[in-house]
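All values below come from the heavy atoms of this structure, side chains included, with hydrogens, waters and symmetry mates left out.
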Amino acid sequence: MKRKFPLYLLLGMMISALAMSCNEDSDDAYEEYVISNSTAITAFNLNSDDSVLANLDSVHFTIDISKRIIYNADSLPRGTKITGLTINASFPTTATCKIVQEAGTVRPDSIYDYTTTDSIDFTGNVKLRITAADGTEVDYQVKVNVHQLESDSLYWNQMARRDLPNVSGTLNAQRTVQCGDKLYTLLNCSDGYILSTTDNPATGDWQQIDAQFGMVPNVNTFAATNDALFILDENGALYTSADGSAWSSCGIIWHNIIGGYTDRVLGVGTDNGAYTLDEYPRLDGYTPTTLPDKFPVSGNSQLSVYDNTWNKQPQMFTVGGIDKDGRFHGDCWGYDGKKWALLRTDVLPPMADVAVVKYVSYEGGSIISDATEHRTWFAMGGRTSKGDINDVVYISRHQGLYWNPGDDLLQLPDYIGNFYGAQAFCFSSTLTRSASLWTAMPSKQLPVWASIVKPVATRAAQITNEWDCPYLYLFGGINSNGTVNNSIWRGVINRLTFAPIL
């Protein structure tokens, strides 16, 4: 007798057999166990320690997995102690980590298990040795970079000093001006008058101009506008030249030249024995005005442009100088394109022939990139009514209206010496990073109206390989012995030479 099974029962048996087959395959898959070989470090930071540096735990570290290097692109300030720091690192939970220390200054060579509390001496060679679950072992080199220079110091490299261009014989007088994108230096030497020009003071590449003055120039009145040079002769007659070679009379007599304003030159004129404020060429309807009381007739600083985005015309200021009665002042006078005004009295000690230049300075921030950058005017040198020479560098972060002595890091070094009657300018050089070397490339002139633009430092992961670095250039001046300094000095705030962070 044959046994008959219902159709639904046959279908159920087939499904059960199929399920058993699948389970057998699944069991085979689970028999293969993959052991992790991951050695990746996914996060790294220093632990907080205010005794070392404020906000130490906020220093950004780059983790280069391919090169197996961990480093802070934004170096810590000079002098930061890195002999006893603790760290916090993230790596796979299946892996182990050991700290390998070699050649440290305070801790002997050693290998020990990673913890967040063990201090590490980063003056030597430090590695994090990650061992994966499958035994794969990888070393990450850890570098805690510290600047070797005081970042906020105004540094004047003695090796970068240069002689004034084309000096011949004894140097009696010098004055340097900026016209357009070029510098012009006029010298009075025992062998005659020498005029030279360059668009790149960094290289010292000066071209001598065959200047045909046709008169006896007063070197101390040498001035420039955006597109022309000006000077007074020994009798006060105003002369002009487009390029310094041929000079022509402007047909007016002045006592002194104050400075250049865009396409006009400003000066102190005379009218029947009285001093006036004048300009050349004169705008339509312009007439010379009476010289205000206390206005400097000589010895005023270079004109400097205000940072102001609300005015269509540039505004300029000058400080210090000697008035018509021979009195020395430390006042600040401003010019708006039409008239002069006394902005503030006694902003500096009473003195004349001060070199003023716009630059930058920094304050605050325990981490280099956290410091606040300020547009800063520097006042250097100058002489008093008693014949003393000012040896203090004053700074203004308020566009010439308020001045204070700069801190020690901004003062001039002893090897420059005291001076008055120098001129200062800011030009930018392109720096490049090649391996571990820094190379200065040809400079780029900064127009007198321009603000310094520096690549902004951030918390990102890498250093740029090329950037513009603004340098100060200090020309000539007269020392305490009355001798004209045959020198061009170049200075820079150190942090500007550090490769910016991208």
Side-chain angles (χ1 to χ4, degrees), residues 177-184 221-231 238 240-242 250 252 254-269 275-297 300-321 331-345 347 354-360 374-379 396-403 423-428 444-453 470:
V177 300
Q178 182 176 327
C179 180
D181 59 356
K182 294 184 176 181
L183 290 179
Y184 290 81
T221 65
F222 189 39
T225 59
N226 289 347
D227 55 5
L229 302 171
F230 291 87
I231 201 167
L238 180 65
T240 187
S241 174
C250 300
I252 58 177
W254 280 357
H255 173 74
N256 192 31
I257 296 178
I258 302 170
Y261 176 86
T262 63
D263 57 354
R264 288 171 282 154
V265 66
L266 311 176
V268 176
Y275 291 111
T276 61
L277 289 175
D278 203 354
E279 65 181 38
Y280 181 88
R282 294 172 179 171
L283 298 177
D284 292 342
Y286 178 87
T287 57
T289 58
T290 302
L291 189 79
D293 185 41
K294 297 176 63 179
F295 192 91
V297 299
N300 61 281
S301 72
Q302 297 163 257
L303 292 180
S304 190
V305 179
Y306 282 114
D307 285 336
N308 197 324
T309 58
W310 293 279
N311 294 293
K312 294 182 179 180
Q313 295 294 324
Q315 297 192 40
M316 308 183 80
F317 74 88
T318 183
V319 294
D331 303 334
C332 178
W333 289 85
Y335 183 72
D336 64 1
K338 293 183 178 180
K339 60 183 179 180
W340 285 94
L342 177 59
L343 301 181
R344 193 164 180 267
T345 61
V347 298
V354 180
V356 171
V357 63
K358 181 167 62 175
Y359 198 45
V360 292
H374 297 276
R375 292 289 179 264
T376 305
W377 282 260
F378 285 69
S396 173
R397 292 172 176 165
H398 303 88
Q399 309 203 84
L401 293 178
Y402 299 90
W403 295 81
Q423 300 83 49
F425 304 90
C426 182
F427 274 69
S428 182
K444 298 177 181 178
Q445 181 267 347
L446 293 182
V448 68
W449 44 263
S451 295
I452 299 166
V453 178

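Between the N256 side chain and the V268 main chain, no donor and acceptor come within less than 3.5 Å of each other. Judged by distance alone, with hydrogens and angles left aside, the side-chain atoms of T376 form no donor-acceptor pair with the main-chain N or O of R397 at under 3.5 Å. Using modelled atom types, no side-chain atom of R282 and backbone atom of P288 make a donor-acceptor pair closer than 3.5 Å. A donor-acceptor contact shorter than 3.5 Å is absent between the side chain of Y280 and the backbone of G267. Distance alone, capped at 3.5 Å, is enough to place a donor-acceptor pair between the Q302 side chain and the A424 backbone. Remark: side-chain polar atoms of T221 are not paired, donor with acceptor, to backbone N or O of I257 under 3.5 angstrom. A donor-acceptor pair under 3.5 Å links the side-chain atoms of T240 to the main chain of L229, judged by distance alone.
To the nearest 0.5 angstrom, L291 atom CG is 7.5 Å from T276 atom OG1. Atom CG of residue L277 and atom OG1 of residue T287 lie 11.0 Å apart, to the nearest 0.5 angstrom. Residue D181 holds its CG atom at 8.5 Å from SG of C179, rounded to the nearest 0.5 Å. Between atom CD1 of residue I231 and atom OH of residue Y184 there is a gap of 13.5 Å, rounded to the nearest 0.5 Å. W403 contributes atom CH2, which lies 9.5 Å from atom CZ of F378 (distance to the nearest 0.5 angstrom). Atom CH2 of W377 sits about 10.5 Å away from atom SG of C332, to the nearest 0.5 Å.
Shown here for S301 and V356, the closest heavy-atom pair between the two residues is CB-CG2, 3.7 Å. Minimum interatomic distance between G260 and T225 (heavy atoms only, all atoms of both residues): CA-CG2, 4.2 Å. The minimum heavy-atom distance linking D336 with Q315 is given by the pair CA-CG, 4.1 Å. Minimum heavy-atom separation, G321 to P296: CA-CB, 3.9 Å. Nearest approach of D331 to K294, heavy atoms of both residues: OD2-CE, 3.0 Å. Closest non-hydrogen pair, W254 versus G269, comes out as CD1-CA, 3.6 Å.
Contact check for R375 versus V360: side-chain heavy atoms found under the 4.5 Å cut-off. Using a 4.5 Å heavy-atom threshold, the side chains of D293 and L342 count as separate. For the pair Y261/Q313, a side-chain contact is recorded, criterion being any heavy-atom separation below 4.5 Å from C-beta on. Looking at N226 and D263, their side chains never come closer than 4.5 Å, going by heavy atoms from C-beta outward. Side-chain contact between Q178 and F427 is present, with at least one heavy-atom pair separated by less than 4.5 Å. Residues I258 and Y335 fail the side-chain proximity criterion, which asks for heavy atoms closer than 4.5 Å. Two residues are said to be in side-chain contact when any heavy atoms from C-beta on lie closer than 4.5 Å; R264 and L283 meet this criterion. Side-chain contact check for M316 versus L266: every heavy-atom pair is 4.5 Å or farther apart.
Ring orientation note: the planes of F295 and W333 are nearly perpendicular, at an angle over 60° on the 30°/60° scale. Ring-plane geometry between Y275 and H255 is classed as perpendicular, the angle between the planes exceeding 60 degrees on a 0 to 90 degree scale with a lower cut at 30.
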